Amino acid sequence: MIDHDTSRAMAEAEGSASRLAGKVCVITGTGGSIGREAALMFAREGGLIVGCGLQVEDAQATLRAVRSAGGTMVSMQPCDLSKPSDCQALIDLALRTFGRVDVLFNNAAMAYFNWLEDISDDEWDRNRREEVDLVFYLTRAAWPHLKQSRGVVVNMASLTALMSFKDLGSLAHTTAKAGIIGMTRQLAMEGREHGIRANSISPGVIETNQRASS
């Protein structure tokens, strides 16, 4: 285990601009485009990164990139966040390595697009599992440790949760991301007495390197 006080002191010594100095940051989907950039940025700000990815090669590439840039990172791959056991294993990795969890960035998701009349039951279920369930499972696993650190939860939602695009068949995705916004609001309410802050981000359409999980 890396001594947390030592890690914090080292990060703070690198400069006062390190806004995440010594903070243990769990970032999901670090093999993806947004997750990789988040891991690099958080590490530049002094964060101690715990990443994960479903695609082993992509997740390992991010791990190498962060370490090559002088950051501190461990990663779990493959990691299927739709399985509660994998979520617990990821939090266990953070605790075993750094001793705490300060930030949880629920970035990972697999978005699938289709129109109402064409969505199968399996497709609807898959969207829920891979966009909503994984956030719930991992946040539940991290919550006791976020209470101890008075930490932060950041959930990746989407502009599609707030508005519709006529050329984008995104009913299941829209519904899932609206659920993330609602979940975040509830988490903020439940976390207030423990000093936990919860926020969501709703970006617009972004081209990423998403691969199908199957």
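Model, not experiment: these values are computed from the prediction.
The CG atom of Leu40 sits 9.5 Å away from the OG atom of Ser68 when rounded to the nearest 0.5 Å. Between atom CD1 of residue Ile34 and atom CD1 of residue Ile201 there is a gap of 9.0 Å, rounded to the nearest 0.5 Å. Between the CZ atom in Arg126 and the OG atom in Ser82 there is a gap of 12.0 Å [rounded to 0.5 Å]. Between the NE2 atom of His173 and the CG atom of Asn127 there is a distance of 8.5 Å, given to the nearest 0.5 Å. Between the CD1 atom in Ile180 and the OG atom in Ser200 there is a gap of 9.0 Å [rounded to 0.5 Å]. The CG atom of Leu54 sits 10.5 Å away from atom CG of Leu134, with the distance rounded to the nearest 0.5 Å.
Between Gly31 and Asp58 the shortest heavy-atom distance is O-CB, 3.4 Å. Across all non-hydrogen atoms, the minimal contact from Cys52 to Leu81 is SG-CD1, 4.0 Å. Closest heavy-atom contact between Ser202 and Ile181: OG-CD1, 3.9 Å.
Take Gln60 and apply the side-chain hydrogen bond (donor to acceptor under 3.5 Å, both in side chains) test, not counting sequence neighbours, and it matches no residue. Residues passing the side-chain contact (heavy atoms from CB on, under 4.5 Å) test with Arg150, sequence neighbours excluded: none. Legend: residues meeting salt bridge (charged side-chain N to carboxylate O under 4.0 Å, His left out) with Arg128, ordered by chain and number and at least two apart, are Asp125, Asp133. Scored by the side-chain hydrogen bond (donor to acceptor under 3.5 Å, both in side chains) test, Thr184 finds Asn155 as partners (sequence neighbours excluded). Ala69 meets the side-chain contact (heavy atoms from CB on, under 4.5 Å) test with no other residue; sequence neighbours excluded. Take Asp121 and apply the side-chain contact (heavy atoms from CB on, under 4.5 Å) test, not counting sequence neighbours, and it matches no residue. Residues forming a side-chain hydrogen bond (donor to acceptor under 3.5 Å, both in side chains) with Gln148 (at least two apart in sequence, or on another chain): none. With sequence neighbours excluded, the residues satisfying side-chain hydrogen bond (donor to acceptor under 3.5 Å, both in side chains) with Ser75 are Gln77. Partners of Val74 according to the side-chain contact (heavy atoms from CB on, under 4.5 Å) rule, which considers only residues two or more places apart in sequence or in another chain, are Val50, Arg67, Leu93, Thr97, Phe98.
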Set out, in order, the CA-CA distance, both residues' side-chain angles and the distance that settles side-chain hydrogen bond (donor to acceptor under 3.5 Å, both in side chains) for Glu130 and Tyr112, then state yes or no.
CA-CA 9 Å; Glu130 299 184 15; Tyr112 304 97; 2.9 Å; yes

Go through it in stages, so that I can follow the logic: the residues are Leu187 and Trp143, the test is side-chain contact (heavy atoms from CB on, under 4.5 Å), and I'd like the CA-CA distance, side-chain angles, deciding distance and then a yes or no.
CA-CA 10 Å; Leu187 290 173; Trp143 197 253; 4.0 Å; yes

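Here the side chain of Thr28 pairs a donor or acceptor atom with the backbone of Ala108 at under 3.5 angstrom. In this structure, the side chain of Arg36 does not engage the main chain of Val66 through any donor-acceptor pair within 3.5 Å. In this structure, the side chain of Ser120 engages the main chain of Glu123 through a donor-acceptor pair within 3.5 Å. With Lys177 contributing its side chain and Met156 its backbone, the two residues share a donor-acceptor pair below 3.5 Å. A side-chain donor-acceptor contact under 3.5 Å links Glu45 to the backbone of Arg19.
Put simply, the residue from Val101, Val103, Val154, Leu48 that forms a side-chain contact (heavy atoms from CB on, under 4.5 Å) with Cys25 is Val103.
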Anything under 3.5 Å between a donor and an acceptor, one on a side chain of residues 83-92, the other on a protein residue two or more places apart or in another chain? List them.
unit_1	atom_1	unit_2	atom_2	d
Asp86	OD2	Asp80	N	2.8
Gln88	NE2	Asp92	OD1	3.0

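A heavy-atom distance below 4.5 Å is found between the side chains of Val135 and Met183. Two residues are said to be in side-chain contact when any heavy atoms from C-beta on lie closer than 4.5 Å; Leu146 and Pro144 fail this criterion. At least one side-chain heavy atom of Thr62 sits under 4.5 Å from a side-chain heavy atom of Met73. Looking at heavy atoms from C-beta onward, Ile49 lies out of side-chain contact with Thr72 at the 4.5 angstrom threshold.
Met41 and Ile27 end up in the same hydrophobic cluster when Ile, Leu, Val, Met, Phe, Trp and Tyr side chains are linked at under 4.5 Å.
Side-chain N/O atoms of Arg100 and Ser149 include no donor and acceptor closer than 3.5 Å.
Atom CZ of Arg129 has more than 12 neighbouring heavy atoms from other residues, nucleotides or ligands inside a 6.0 Å radius.
Each salt bridge (Lys or Arg N to Asp or Glu O under 4.0 Å) pair with one or both residues in residues 180-196, not counting sequence neighbours, would appear here, but there are none.
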